[in-house]
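The structure under discussion appears below in the form of structure tokens.
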Amino acid sequence: KEKNWLEAREYYRQVFDNYPQSPLRPDAKLGIADTYLGEKSAESLVLADSEYREFLTYFPRNPRADYAQFKLAMTYFQQMRKPERDQTPTREALTEFQVFFDRFPNSPLMPEARKNWRIARDRLSDSELHIATLYGRIGVIRGAILRLQGILKDDPEFTHRDAVYFQLAEVYLKADNKAQAIPYYQRIVDEFTQSEFLEPAQKRLKELTTK
């Protein structure tokens, strides 16, 4: 509780290593992992990953296996980077969260896991949106459209899909395809009462439908 990770880890390790018959041994193993996760350094997160995996190997039927799997996902969640950077940790977090969903559907940790899964999934979609926006700016029309449509297909509940609609509409408009652009502007108006793209979309619709 005082976040004295090193000292806590030493005592947990004494329990795990020296008392093989102790009923506290599984909790001590999790305690070791938790101290590494608490440190949040690049090195300690790798060690936390290893400890949680070992727990799941040694104690697969333990009542706290759901906690171990959730925290394993969190070791990658803590490593997630900004949308414009490499998203490998984000993908790993999503994979481990999915294992949690599949193995522990009745876990009390499910609400927190689903909340963090949504954050991770948004990060991945934000990364795709970032690339698609760059493509649109430099005139790589087909590449931008494929990326944007891919987001809507793979992540229909994306929190920032209003941005995807707007970018799709703008790219189609740049390609002089008004018929394809108008429905995406309209979706912003229909689906979002609060959006930074709402007013620009309304303006575009007015311009395109009054000509």
Test side-chain contact (heavy atoms from CB on, under 4.5 Å) applied to Phe97 and Met74, step by step: CA-CA 8 Å; Phe97 278 129; Met74 291 302 294; 3.8 Å; yes

Quiz item: cation-pi between Lys71 and Tyr52, 6.0 Å / 45°: no

Heavy-atom neighbours of Glu199 CD exceed 12 at 6.0 Å: no

Shortest non-hydrogen separation from Pro26 to Ser22 and the atoms involved: CD-O, 4.2 Å

Over 12 non-hydrogen atoms of neighbours within 6.0 angstrom of CZ in Phe16: yes

SB check Asp155 Arg118 (cutoff 4.0 Å): yes

Distance in Å, Ser107 OG paired with Phe101 CZ, rounded so as to fall on 0.5 Å steps: 10.5 Å

ILVMFWY cluster, Leu47 and Tyr58 together (side-chain gap under 4.5 Å): yes

Gln69 side chain to Ala65 backbone, donor-acceptor under 3.5 Å: no

Six-ring centre of Tyr19, Arg25 cation under 6.0 angstrom, axis tolerance 45°: no

Verdict with reasoning, Met80 to Asn116, per side-chain contact (heavy atoms from CB on, under 4.5 Å): CA-CA 11 Å; Met80 292 193 311; Asn116 289 341; over 6 Å; no

Ile119 with Phe158, same ILVMFWY side-chain cluster at under 4.5 Å: no

Spacing of Tyr185 atom OH and Tyr165 atom OH [to the nearest 0.5 Å]: 15.0 Å

Residue pair Phe100, Met110: steps toward the side-chain contact (heavy atoms from CB on, under 4.5 Å) verdict: CA-CA 8 Å; Phe100 174 87; Met110 185 62 73; 3.9 Å; yes

Phe192 backbone acceptor or donor facing Ser195 side chain under 3.5 Å: no

same_hphob_cluster(Leu30, Phe104) at 4.5 Å side-chain heavy-atom cutoff: yes

Between CD on residue Glu128 and CZ on residue Arg147, distance to nearest 0.5 Å: 4.5 Å

Backbone of Ala181 reached by a side-chain donor or acceptor of Gln186 within 3.5 Å: no

Shortest non-hydrogen contact from Ala48 toward Ala33: CB-O, 3.7 Å

Main-chain N/O of Ile32 paired to Arg13 side chain as donor or acceptor, under 3.5 Å: no

Nearest non-hydrogen partners of Leu6 and Glu39, listed with the distance: N-OE2, 4.4 Å

Side-chain heavy-atom pair Asn4, Thr35 within 4.5 angstrom cut-off: no

Lys/Arg-Asp/Glu bridge criterion (N-O < 4.0 Å) met for Glu191, Arg161: yes

Exceeds 12 heavy-atom contacts within 6.0 angstrom, atom CZ of Arg85: no

Non-neighbouring partners of Phe59 that pass ring pair (Phe, Tyr, Trp, His ring centres under 6.0 Å), sequence neighbours left out: Phe55

Minimal non-hydrogen separation, Pro63 against Asp66, with atom names: O-OD1, 3.3 Å

Full working for side-chain contact (heavy atoms from CB on, under 4.5 Å) between Leu56 and Arg103: CA-CA 12 Å; Leu56 291 165; Arg103 288 190 58 193; 4.2 Å; yes

Salt-bridge criterion met for Arg204 and Glu170 (N-O under 4.0 Å): yes

Joint hydrophobic cluster, Leu152 plus Ile141, side-chain heavy atoms closer than 4.5 Å: yes

Residues, nucleotides or ligands: over 12 heavy atoms within 6.0 Å of Lys203 NZ: no

Minimum-distance pair of heavy atoms, taken over all atoms of Ala113 and Phe70: CA-CE1, 3.7 Å

Salt bridge flag under 4.0 Å for residues Arg64 and Asp27: yes

Closest heavy-atom pair and its distance - Gly136, Ala144: N-CB, 3.8 Å

Side chain to side chain donor-acceptor pair (under 3.5 Å) assessment of Asp49 paired with Tyr76: CA-CA 8 Å; Asp49 173 288; Tyr76 292 102; 2.7 Å; yes

Any donor-acceptor pair under 3.5 Å from Ser125 side chain to Asp122 backbone: no

Atom pair CZ/OG1 of Arg123 and Thr90 - distance to nearest 0.5 Å: 6.0 Å

Distance, nearest 0.5 Å, that separates CG of Asp126 from CD of Gln87: 8.5 Å

Tyr135-Val171 co-clustered via ILVMFWY side chain contacts under 4.5 Å: no

Interatomic distance, Leu94 atom CG to Phe77 atom CZ [nearest 0.5 angstrom]: 9.5 Å

N-O pairing of Arg9 and Glu51 below 4.0 Å: no

Contacts of Thr133 that satisfy side chain to side chain contact (heavy atoms under 4.5 Å, CB included) - sequence neighbours left out: Leu129, Arg137, Gln167

